[in-house]
Number of protein chains: 2
Amino acid sequence: MWLTVDPRSSTPIYQQVVDGVKSAVARGLLPPGSRMPSVRELATSMTLNHNTVAKAYQELERAHVIEVLRGRGTFVAAVEPRVDREARVQTLKEAMKRLMVEAHYIPLTGDEILRLFLVAAQEWQAEQGGCEA
Amino acid sequence: MWLTVDPRSSTPIYQQVVDGVKSAVARGLLPPGSRMPSVRELATSMTLNHNTVAKAYQELERAHVIEVLRGRGTFVAAVEPRVDREARVQTLKEAMKRLMVEAHYIPLTGDEILRLFLVAAQEWQAEQGGCEA
DNA sequence: CATGTGTACCATATCATCCAGTACACATAG
DNA sequence: CTATGTGTACTGGATGATATGGTACACATG
(Lines give C-alpha, C1' and ligand atoms only; values in the text may rest on other atoms or scores of the structure.)
Protein backbone atom coordinates (compact mmCIF):
# COMPACT_ATOMS: atom_id res chain seq x y z
CA MET A 1 0.00 0.00 0.00
CA TRP A 2 1.18 3.56 -0.71
CA LEU A 3 -0.14 4.79 2.64
CA THR A 4 0.62 3.85 6.23
CA VAL A 5 -0.75 5.51 9.36
CA ASP A 6 0.54 5.21 12.90
CA PRO A 7 -2.29 5.94 15.36
CA ARG A 8 0.24 6.26 18.22
CA SER A 9 2.17 9.03 16.49
CA SER A 10 1.93 12.54 17.87
CA THR A 11 1.25 13.91 14.41
CA PRO A 12 -2.50 13.94 13.65
CA ILE A 13 -3.87 11.08 11.57
CA TYR A 14 -5.35 13.38 8.95
CA GLN A 15 -1.92 15.02 8.63
CA GLN A 16 -0.30 11.64 8.12
CA VAL A 17 -2.80 10.95 5.37
CA VAL A 18 -2.01 14.31 3.76
CA ASP A 19 1.74 13.70 3.90
CA GLY A 20 1.37 10.14 2.71
CA VAL A 21 -0.68 11.10 -0.32
CA LYS A 22 1.67 13.99 -1.12
CA SER A 23 4.65 11.68 -0.97
CA ALA A 24 2.96 8.95 -3.01
CA VAL A 25 1.95 11.43 -5.71
CA ALA A 26 5.42 12.97 -5.79
CA ARG A 27 6.93 9.50 -6.25
CA GLY A 28 4.63 8.69 -9.12
CA LEU A 29 2.77 5.93 -7.29
CA LEU A 30 -0.40 7.93 -7.93
CA PRO A 31 -0.02 9.44 -11.40
CA PRO A 32 -1.96 12.62 -12.30
CA GLY A 33 -5.50 11.89 -13.39
CA SER A 34 -5.70 8.60 -11.54
CA ARG A 35 -8.63 8.00 -9.26
CA MET A 36 -8.27 8.27 -5.51
CA PRO A 37 -10.10 5.82 -3.26
CA SER A 38 -13.36 7.27 -1.98
CA VAL A 39 -13.54 8.79 1.47
CA ARG A 40 -15.46 5.89 2.98
CA GLU A 41 -13.41 3.31 1.10
CA LEU A 42 -10.11 4.64 2.38
CA ALA A 43 -11.62 5.11 5.84
CA THR A 44 -12.72 1.49 6.16
CA SER A 45 -9.52 0.07 4.67
CA MET A 46 -7.40 2.12 7.08
CA THR A 47 -9.81 1.64 10.01
CA LEU A 48 -10.42 5.37 10.25
CA ASN A 49 -13.46 7.58 10.44
CA HIS A 50 -14.78 8.99 7.19
CA ASN A 51 -14.67 12.47 8.68
CA THR A 52 -10.95 12.14 9.32
CA VAL A 53 -10.27 11.10 5.74
CA ALA A 54 -12.56 13.84 4.46
CA LYS A 55 -10.56 16.42 6.39
CA ALA A 56 -7.37 15.12 4.79
CA TYR A 57 -8.93 15.25 1.32
CA GLN A 58 -10.08 18.82 1.86
CA GLU A 59 -6.58 19.85 2.85
CA LEU A 60 -5.14 18.03 -0.16
CA GLU A 61 -7.57 19.89 -2.40
CA ARG A 62 -6.55 23.24 -0.90
CA ALA A 63 -2.94 22.28 -1.67
CA HIS A 64 -3.94 21.46 -5.27
CA VAL A 65 -2.70 17.89 -4.88
CA ILE A 66 -6.08 16.39 -5.78
CA GLU A 67 -9.19 17.59 -7.58
CA VAL A 68 -12.70 16.93 -6.31
CA LEU A 69 -15.66 16.40 -8.64
CA ARG A 70 -18.90 16.40 -6.66
CA GLY A 71 -20.66 13.09 -7.00
CA ARG A 72 -17.95 11.61 -9.20
CA GLY A 73 -14.90 11.23 -6.98
CA THR A 74 -11.45 12.70 -6.36
CA PHE A 75 -8.54 12.52 -8.77
CA VAL A 76 -4.84 13.29 -8.61
CA ALA A 77 -4.20 16.75 -10.00
CA ALA A 78 -1.43 17.68 -12.38
CA VAL A 79 1.46 19.57 -10.81
CA GLU A 80 1.71 23.05 -12.24
CA PRO A 81 3.42 26.25 -11.04
CA ARG A 82 1.22 28.57 -9.03
CA VAL A 83 1.13 32.28 -8.43
CA ASP A 84 2.56 31.96 -4.92
CA ARG A 85 5.63 30.16 -6.22
CA GLU A 86 8.07 32.73 -4.89
CA ALA A 87 6.49 32.67 -1.44
CA ARG A 88 6.67 28.89 -1.32
CA VAL A 89 10.32 28.99 -2.30
CA GLN A 90 10.91 31.37 0.59
CA THR A 91 9.05 29.07 2.97
CA LEU A 92 11.14 26.14 1.78
CA LYS A 93 14.31 28.12 2.34
CA GLU A 94 13.21 28.91 5.88
CA ALA A 95 12.61 25.21 6.47
CA MET A 96 16.11 24.50 5.20
CA LYS A 97 17.55 26.99 7.67
CA ARG A 98 15.67 25.23 10.46
CA LEU A 99 17.45 22.05 9.43
CA MET A 100 20.74 23.94 9.74
CA VAL A 101 19.88 24.62 13.37
CA GLU A 102 19.16 20.95 13.98
CA ALA A 103 22.38 19.98 12.23
CA HIS A 104 24.29 22.32 14.53
CA TYR A 105 23.32 20.21 17.52
CA ILE A 106 24.36 16.83 16.11
CA PRO A 107 26.90 18.45 15.43
CA LEU A 108 27.61 18.57 11.72
CA THR A 109 29.95 20.87 9.85
CA GLY A 110 28.84 22.81 6.80
CA ASP A 111 30.50 20.31 4.51
CA GLU A 112 28.88 17.36 6.27
CA ILE A 113 25.46 19.01 6.00
CA LEU A 114 25.91 19.53 2.26
CA ARG A 115 27.16 15.98 1.81
CA LEU A 116 24.16 14.61 3.72
CA PHE A 117 21.83 16.70 1.59
CA LEU A 118 23.33 15.27 -1.58
CA VAL A 119 22.89 11.75 -0.22
CA ALA A 120 19.27 12.49 0.71
CA ALA A 121 18.62 13.89 -2.77
CA GLN A 122 20.21 10.83 -4.36
CA GLU A 123 18.17 8.43 -2.23
CA TRP A 124 15.03 10.40 -2.95
CA GLN A 125 15.75 10.17 -6.65
CA ALA A 126 16.31 6.41 -6.34
CA GLU A 127 13.04 5.90 -4.46
CA GLN A 128 11.18 7.37 -7.40
CA GLY A 129 9.40 4.63 -9.30
CA GLY A 130 11.25 5.45 -12.48
CA CYS A 131 8.32 7.62 -13.52
CA GLU A 132 8.49 10.73 -15.62
CA ALA A 133 8.34 14.06 -13.81
CA MET B 1 15.71 40.54 21.55
CA TRP B 2 16.87 37.07 20.51
CA LEU B 3 13.38 35.63 21.00
CA THR B 4 10.00 36.39 19.47
CA VAL B 5 6.74 34.53 20.05
CA ASP B 6 3.57 34.70 18.01
CA PRO B 7 0.58 33.76 20.20
CA ARG B 8 -1.62 33.38 17.09
CA SER B 9 0.65 30.77 15.53
CA SER B 10 -0.54 27.18 15.39
CA THR B 11 2.77 25.97 16.80
CA PRO B 12 2.66 25.83 20.61
CA ILE B 13 4.20 28.74 22.49
CA TYR B 14 6.57 26.53 24.46
CA GLN B 15 7.76 25.04 21.15
CA GLN B 16 8.40 28.50 19.75
CA VAL B 17 10.49 29.26 22.83
CA VAL B 18 12.43 26.02 22.34
CA ASP B 19 13.09 26.75 18.68
CA GLY B 20 13.97 30.36 19.40
CA VAL B 21 16.52 29.47 22.06
CA LYS B 22 17.99 26.71 19.90
CA SER B 23 18.39 29.12 17.01
CA ALA B 24 19.85 31.87 19.18
CA VAL B 25 22.39 29.49 20.71
CA ALA B 26 23.32 28.08 17.32
CA ARG B 27 23.91 31.62 16.05
CA GLY B 28 26.17 32.48 18.95
CA LEU B 29 23.82 35.08 20.41
CA LEU B 30 23.83 33.00 23.59
CA PRO B 31 27.38 31.69 23.98
CA PRO B 32 28.00 28.48 25.98
CA GLY B 33 28.22 29.13 29.70
CA SER B 34 26.20 32.33 29.53
CA ARG B 35 23.27 32.71 31.89
CA MET B 36 19.70 32.28 30.68
CA PRO B 37 16.97 34.56 32.00
CA SER B 38 15.07 32.95 34.84
CA VAL B 39 11.77 31.22 34.19
CA ARG B 40 9.70 33.97 35.81
CA GLU B 41 11.83 36.73 34.30
CA LEU B 42 11.40 35.44 30.74
CA ALA B 43 7.73 34.74 31.43
CA THR B 44 6.95 38.30 32.52
CA SER B 45 9.04 39.89 29.76
CA MET B 46 7.29 37.79 27.11
CA THR B 47 3.87 38.04 28.81
CA LEU B 48 3.72 34.28 29.28
CA ASN B 49 3.00 31.94 32.12
CA HIS B 50 5.97 30.69 34.08
CA ASN B 51 4.74 27.12 33.57
CA THR B 52 4.93 27.57 29.81
CA VAL B 53 8.51 28.83 29.99
CA ALA B 54 9.39 26.08 32.46
CA LYS B 55 8.11 23.48 30.02
CA ALA B 56 10.29 24.96 27.28
CA TYR B 57 13.32 24.95 29.59
CA GLN B 58 12.75 21.31 30.50
CA GLU B 59 12.62 20.36 26.84
CA LEU B 60 15.77 22.37 26.16
CA GLU B 61 17.51 20.54 28.99
CA ARG B 62 16.47 17.15 27.57
CA ALA B 63 17.97 18.28 24.26
CA HIS B 64 21.20 19.24 26.08
CA VAL B 65 20.90 22.82 24.87
CA ILE B 66 20.93 24.25 28.39
CA GLU B 67 22.04 23.05 31.81
CA VAL B 68 19.98 23.52 34.94
CA LEU B 69 21.51 24.08 38.38
CA ARG B 70 18.82 23.88 41.06
CA GLY B 71 18.59 27.12 42.95
CA ARG B 72 21.27 28.79 40.84
CA GLY B 73 19.81 29.14 37.38
CA THR B 74 20.08 27.79 33.85
CA PHE B 75 23.07 28.19 31.57
CA VAL B 76 23.80 27.53 27.93
CA ALA B 77 25.48 24.14 27.51
CA ALA B 78 28.45 23.42 25.32
CA VAL B 79 27.66 21.55 22.11
CA GLU B 80 29.27 18.11 22.09
CA PRO B 81 28.65 14.96 20.05
CA ARG B 82 26.26 12.45 21.64
CA VAL B 83 25.88 8.70 21.46
CA ASP B 84 22.75 8.92 19.30
CA ARG B 85 24.61 10.90 16.67
CA GLU B 86 23.95 8.41 13.88
CA ALA B 87 20.24 8.24 14.65
CA ARG B 88 20.00 12.02 14.60
CA VAL B 89 21.76 12.12 11.25
CA GLN B 90 19.19 9.66 9.95
CA THR B 91 16.35 11.79 11.30
CA LEU B 92 17.83 14.84 9.65
CA LYS B 93 18.08 13.00 6.34
CA GLU B 94 14.41 12.03 6.60
CA ALA B 95 13.53 15.67 7.19
CA MET B 96 15.53 16.58 4.09
CA LYS B 97 13.53 14.08 2.05
CA ARG B 98 10.33 15.63 3.32
CA LEU B 99 11.59 18.92 1.94
CA MET B 100 12.09 17.20 -1.42
CA VAL B 101 8.39 16.36 -1.41
CA GLU B 102 7.48 19.97 -0.69
CA ALA B 103 9.86 21.14 -3.42
CA HIS B 104 8.13 18.83 -5.88
CA TYR B 105 4.91 20.79 -5.49
CA ILE B 106 6.39 24.26 -6.08
CA PRO B 107 7.65 22.80 -8.46
CA LEU B 108 11.45 22.83 -8.35
CA THR B 109 13.88 20.67 -10.29
CA GLY B 110 16.69 18.80 -8.59
CA ASP B 111 19.18 21.45 -9.61
CA GLU B 112 16.98 24.25 -8.32
CA ILE B 113 16.57 22.48 -4.99
CA LEU B 114 20.33 22.12 -4.61
CA ARG B 115 20.88 25.72 -5.61
CA LEU B 116 18.30 26.88 -3.06
CA PHE B 117 19.96 24.77 -0.39
CA LEU B 118 23.30 26.38 -1.11
CA VAL B 119 21.73 29.82 -0.86
CA ALA B 120 20.06 28.88 2.44
CA ALA B 121 23.36 27.59 3.81
CA GLN B 122 25.11 30.76 2.70
CA GLU B 123 22.50 33.01 4.30
CA TRP B 124 22.60 30.93 7.45
CA GLN B 125 26.35 31.34 7.58
CA ALA B 126 25.97 35.08 7.08
CA GLU B 127 23.40 35.39 9.85
CA GLN B 128 25.92 33.96 12.28
CA GLY B 129 27.24 36.74 14.49
CA GLY B 130 30.78 36.14 13.36
CA CYS B 131 31.24 33.90 16.37
CA GLU B 132 33.55 30.94 16.54
CA ALA B 133 32.00 27.49 16.15
C1' DC C 1 -35.13 4.72 -9.18
C1' DA C 2 -30.84 3.03 -6.52
C1' DT C 3 -26.04 3.66 -5.78
C1' DG C 4 -21.83 5.94 -4.87
C1' DT C 5 -19.74 10.38 -4.63
C1' DG C 6 -18.16 14.55 -1.39
C1' DT C 7 -19.91 17.29 2.19
C1' DA C 8 -22.27 19.20 6.31
C1' DC C 9 -23.98 18.73 10.29
C1' DC C 10 -24.64 16.98 15.39
C1' DA C 11 -22.84 15.07 19.69
C1' DT C 12 -19.28 13.10 22.39
C1' DA C 13 -14.74 11.86 24.14
C1' DT C 14 -9.94 12.57 24.57
C1' DC C 15 -5.81 15.07 24.63
C1' DA C 16 -2.55 19.05 24.35
C1' DT C 17 -1.98 23.57 25.42
C1' DC C 18 -2.11 27.54 28.34
C1' DC C 19 -3.05 30.19 32.25
C1' DA C 20 -3.58 31.10 37.32
C1' DG C 21 -2.33 30.20 41.79
C1' DT C 22 0.16 27.95 45.38
C1' DA C 23 3.79 25.54 47.37
C1' DC C 24 8.22 23.14 47.97
C1' DA C 25 13.50 22.23 47.83
C1' DC C 26 17.58 24.32 46.77
C1' DA C 27 21.49 27.95 46.58
C1' DT C 28 23.07 32.24 47.73
C1' DA C 29 23.46 36.99 49.85
C1' DG C 30 22.44 39.78 53.80
C1' DC D 1 19.42 32.72 61.03
C1' DT D 2 16.22 35.32 57.33
C1' DA D 3 15.26 36.91 52.77
C1' DT D 4 15.51 36.38 48.06
C1' DG D 5 15.81 34.13 43.73
C1' DT D 6 16.33 29.76 41.53
C1' DG D 7 13.79 25.49 39.14
C1' DT D 8 10.07 22.44 39.93
C1' DA D 9 5.61 20.19 41.21
C1' DC D 10 1.29 20.33 42.06
C1' DT D 11 -4.01 21.70 41.54
C1' DG D 12 -7.75 23.65 38.85
C1' DG D 13 -9.93 25.49 34.91
C1' DA D 14 -10.49 27.21 30.05
C1' DT D 15 -9.79 26.54 25.35
C1' DG D 16 -8.92 24.33 21.02
C1' DA D 17 -7.55 20.44 18.05
C1' DT D 18 -8.30 15.77 17.14
C1' DA D 19 -10.99 11.69 16.38
C1' DT D 20 -15.03 8.98 16.47
C1' DG D 21 -20.02 7.72 15.55
C1' DG D 22 -24.15 8.74 13.45
C1' DT D 23 -27.25 11.04 10.29
C1' DA D 24 -28.46 13.62 6.37
C1' DC D 25 -28.14 16.31 2.05
C1' DA D 26 -26.82 17.56 -2.97
C1' DC D 27 -24.74 15.78 -6.74
C1' DA D 28 -23.54 12.44 -10.75
C1' DT D 29 -24.24 8.18 -12.81
C1' DG D 30 -26.23 3.59 -14.23
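Within every chain, numbering begins at 1; the chains are lettered A, B, ... in the order of the sequence lines, protein sequences first and strands thereafter.
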Does Ser23(A) reach the main-chain N or O of Gly20(A) with its side chain, forming a donor-acceptor pair under 3.5 Å?
no
Kindly point out which of dG7(D), dT20(D), dT17(C) is positioned nearest to the side chain of Val68(B)?
dG7(D)
Residue pair Lys55(B)/Gly71(B) against DNA chain C: nearer the 5' end by closest nucleotide is Lys55(B)
Between atom CD1 in Ile13(A) and atom C1' in dA13(C), what is the gap in whole Å?
14 Å
Does Gln122(B) have more than 12 heavy atoms from other residues, nucleotides or ligands lying within 6.0 Å of its CD?
no
Of Gln58(B) and Gly73(B), whose nearest nucleotide on DNA chain D comes first from the 5' end?
Gly73(B)
At less than 4.0 Å, is any side-chain N or O atom of Arg72(A) found next to OP1 or OP2 of dT29(D)? Yes or no.
yes
Checking all strands, does Glu67(B) fall into the base, sugar-phosphate, or nothing category for heavy-atom contacts under 4.0 angstrom?
nothing
OP1 or OP2 of dT20(D) sitting under 4.0 Å from any side-chain N/O of Asn51(A)?
no
Selected nucleotide, minimal atom distance to Thr52(B) side chain, candidates dA20(C), dC18(C), dG7(D):
dC18(C)
Using whole Å, report how far CD of Gln16(B) lies from P of dT17(C).
12 Å
Find the distance His50(B):NE2 to dT8(D):P and express it as a whole number of Å.
12 Å
Is any side-chain N or O of Ser38(B) closer than 4.0 Å to OP1 or OP2 of dG5(D)?
no
Under 3.5 Å: donor-acceptor pair, side chain of Glu59(A), backbone of Gln15(A)
no
Would you please confirm or rule out a distance under 4.0 Å between OP1 or OP2 of dA19(D) and any side-chain N or O of Tyr14(A)?
no
Backbone N/O of Thr109(B) and side chain of Glu112(B): donor-acceptor pair under 3.5 Å:
yes
Whether Gln15(B) contacts dA16(C) is assessed here as follows: a side-chain N or O lying under 4.0 Å from the phosphate OP1 or OP2. Is that the case?
no
Is any side-chain N or O of Arg40(A) under 3.5 Å from a base N or O of dT3(C), one able to act as donor and the other as acceptor?
no
Whole-Å distance, Ile66(A) CD1 to dG6(C) C1', equals 10 Å
Counting side-chain heavy atoms from C-beta on, which of dG7(D), dT7(C), dT6(D) comes nearest to Glu41(B)?
dT6(D)
Taking Leu92(A)'s backbone N and O only, do any of them form a donor-acceptor pair with Glu102(B)'s side chain (distance below 3.5 Å, no angle check)?
no
Within this structure, what is the CZ-to-C1' distance between Arg35(A) and dG6(C), rounded to whole angstrom?
11 Å
How many whole angstroms separate atom CZ of Arg70(B) from atom P of dC26(C)?
7 Å
Between Leu48(B) (CG) and dT17(C) (P), how many Å, whole number?
15 Å
Report the C-alpha distance between Arg35(B) and Glu41(B) in whole Å, list the side-chain angles of each, state the deciding distance to 0.1 Å, and finish with yes or no for salt bridge (Lys or Arg N to Asp or Glu O under 4.0 Å).
CA-CA 12 Å; Arg35(B) 197 178 194 287; Glu41(B) 187 180 350; 5.2 Å; no
Looking across every strand, which nucleic acid part, if any, lies under 4.0 Å from Ser10(B) by heavy atom: base, sugar-phosphate, or nothing?
nothing
Find the distance Leu69(B):CG to dA25(C):C1' and express it as a whole number of Å.
15 Å
Residue whose closest nucleotide on DNA chain C lies nearer the 5' end, Pro12(B) versus Thr74(A):
Thr74(A)
